[in-house]
Amino acid sequence: MTLRLYDTRTRTVRPLQLQRPGHVGVYVCGPTVQATPHVGHLRSAVVLDVLHRWLLATGHTVTFVRNVTDVDDKIIHDAGHNDEPFWALATRMMNAFTRAYDAVQVLPPTVEPRVTGHLPQITALIALLVDNGTAYESGGDVYLSVKAVPSYGEISHQDPNKLRQGEADDTLKRDPLDFALWKAAKPGEPQWPSPWGPGRPGWHIECSAMAVEYLGTAFDLHAGGLDLVFPHHENENAQSTAAGHAFATTWLHHGLVTAKGGEKMSKSLGNSVLVSDALRQVPAPVLRYALGSAHYRSTVEWSDQVVADAAAAYDRIATFVRNATEAVGETAPVEQPGWEEFAAALDDDLGVPQALAVLHGAVRRGNTQLADRELAGLAGTLGLVRRMLTVLCLDPISDWPTSGSSELTPVVDRLVALVVDARAQARERKDWAQADALRDRLTEAGIVLEDTADGVRWRLA
RNA sequence: GGCCGGGUGGCCGAGUGGCUUAGGCAAGGGCCUGCAAAGCCCUGUACGCGGGUUCGAUUCCCGCCCCGGCCUCCA
């Protein structure tokens with residue numbers, strides 16, 4: 001069984017085709033580092049992280065490229081507003097994105113190229129397009145001639161002639177469809193030298209140049225949000241095609257996050273929930289579960305209900321892992337019967353929801369084994385569950401070890417034991433009022449007691 | 001206006017031409033428990049509306065309604 005993915009260009013789910021067997025080259029359109037990340041950005045990262053981890057889990061080596069757009073109109077504008085250099089703002093925001101990714105354990109990309117570090121590659125690509133006649137210089141700008149690319153529209157399935165034209169304020173274009181590869185410098189703006197005079201790259205050309213720099217002219221997978229299909233990916237493809245590059249074999253797009261009104265979450269709509277705020281509301285693994293548990297192509301609505309459901313589901317899983325580990329000791333993740341079903345779900349266009357159904361089935365089985373004291377079977381189930389959780393980066397033990405204060409654990413353990421002993425004495429003389437009062441005091445302190453066949457277990461609420 | 005996606009039980013969310021019709025949450029019942037907690041079992045019988053194709057459609061086709069995305073920056 002090999003991984004099959006939905007390809008936007010052909011609109012089909014088909015086996016992932018690779019340039020080199022065993023190796024996957026992935027290019028992801030990362031953020032424009034203009035503002036702090038919201039949960040929509042994080043959904044993108046989480047969804048593609050599951051893809052990344054699944055490719056690794058199935059034995060591939062992966063070159064995972066996620067670019068950073070660190071110069072563009074908005075960054076320049078906002079920086080000017082703050083009276084700071086554009087690169088200071090860009091760096092600050094890039095760091096905020098990195099912190100957000102780290103918070104939910106997104107694997108770092110193999111390389112994280114920035115536009116400002118690739119001007120030579122970008123200008124070289126533009127020069128190639130000018131030389132072969134598909135692009136033209138006009139007043140210090142350079143534009144791609146869309147009509148020179150017959151395949152234009154093949155990614156987004158748009159008919160160029162039916163596109164609603166925006167404000168035709170740019171008289172430098174030969175055709176309204178043409179788009180800028182290079183923008184002549186305006187006074188006071190960041191600029192780099194080029195054969196067409198000082199300026200800076202257009203938005204789309206950077207990705208074409210950086211993808212080729214790190215993955216070659218033909219590579220396996222190009223991914224990004226659904227909102228990038230047009231014009232960004234269409235234009236990227238057009239430029240690269242015009243340059244004679246095969247470019248990406250498969251184009252993958254994930255769904256967006258909506259805010260309360262059902263509208264797409266975005267900074268410009270003013271309905272963003274910042275990652276930093278979300279993390280104050282929910283634990284990081286729950287945030288990861290909430291953003292990653294729906295199918296990657298579906299829309300996720302960000303609501304209290306969704307968050308609460310994610311918390312309940314994750315807690316159920318985490319509780320099982322914790323209880324089972326207490327019963328049979330720490331068990332290494334291992335693939336065993338049940339794994340195939342999980343793998344088949346992920347191979348089918350990253351069917352995370354079905355995979356989670358398999359996972360929950362295993363958890364239920366494990367809980368039964370735990371109750372029946374079938375410890376040998378339980379150990380196996382625990383290993384399987386943890387193996388599945390590892391792919392999703394949701395394993396409470398290896399991915400989300402209880403944070404900090406480990407040196408306090410033995411101390412708390414003894415203090416709790418003190419109360420548990422007192423409660424046990426109360427229970428022995430059937431003084432339920434006293435027993436419950438002691439338990440209530442612990443509950444107030446955030447400690448939950450559970451009476452089991454093996455004695456009393458405690459945990460933090 | 002053009003292109004695209006979606007409307008599934010109380011909620012979220014998969015999926016399928018008919019079969020024991022995912023999974024989670026919530027609800028009700030039961031088991032376990034002194035009571036809880038955790039867990040297990042059972043129950044709920046859903047597919048926007050109207051046509052059509054079919055022995056049979058939630059699943060295919062057509063029309064309609066509604067929601068959302070893109071056509072401007074956007075994960």
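Proteins get letters first, then strands, A, B, ... in listed order; numbering begins at 1 in each.
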Quick one: [X] [atom1] to [N] [atom2], roughly how many Å, whole number?
| X | N | atom1 | atom2 | value |
| --- | --- | --- | --- | --- |
| Glu301(A) | rA75(B) | CD | P | 21 Å |
| Gln354(A) | rG24(B) | CD | C1' | 14 Å |
| Leu252(A) | rA75(B) | CG | P | 16 Å |
| Glu112(A) | rA75(B) | CD | P | 14 Å |
| His360(A) | rG23(B) | NE2 | P | 11 Å |
| Gln434(A) | rC35(B) | CD | P | 19 Å |
| Leu226(A) | rC73(B) | CG | C1' | 16 Å |
| Asp372(A) | rC32(B) | CG | P | 14 Å |

Span that lies between the P atom of rG5(B) and that of rC60(B), in whole angstrom: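 Between the two P atoms, the distance is 12 Å.
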When all nucleic acid strands are considered with a 4.0 Å heavy-atom cut-off, which category describes [X]: base, sugar-phosphate, or nothing?
| X | answer |
| --- | --- |
| Arg297(A) | nothing |
| Val47(A) | nothing |
| Thr452(A) | nothing |

Distance-only donor-acceptor check, side chains Thr258(A) and Thr299(A), under 3.5 Å: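 No, no side-chain donor-acceptor contact under 3.5 Å.
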Pairing partner of rA38(B) (Watson-Crick or G-U wobble, both distances under 3.5 Å): none
rA27(B) - base-pair partner by Watson-Crick or wobble geometry, distances under 3.5 Å: rU43(B)
Within 45° cone of Tyr101(A) ring axis and under 6.0 Å: Arg66(A) NZ or CZ: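 Yes.
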Residue closer to the 5' end of RNA chain B, Ser44(A) versus Arg11(A) (nearest nucleotide): Arg11(A)
Distance (rounded to the nearest 0.5 Å) between Arg423(A) CZ and Trp432(A) CH2: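 Result: 9.0 Å between the selected atoms.
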Please determine, for the side chain of [X], which listed nucleotide ([options]) has the closest atom?
| X | options | result |
| --- | --- | --- |
| Trp432(A) | rC40(B), rG34(B), rG24(B) | rG34(B) |
| Val306(A) | rC73(B), rA75(B), rC12(B) | rC12(B) |
| Glu263(A) | rG23(B), rG69(B), rG2(B) | rG69(B) |

Glu84(A)/Arg92(A) ion pair, N-O < 4.0 Å: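 Counted as a salt bridge, because a side-chain N and a carboxylate O are separated by less than 4.0 Å.
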Residue among Leu42(A), Val47(A), Leu48(A) satisfying side-chain contact (heavy atoms from CB on, under 4.5 Å) with Ser44(A): Leu48(A)
Pair of N/O donor and acceptor under 3.5 Å linking rC73(B) base with Lys74(A) side chain: yes
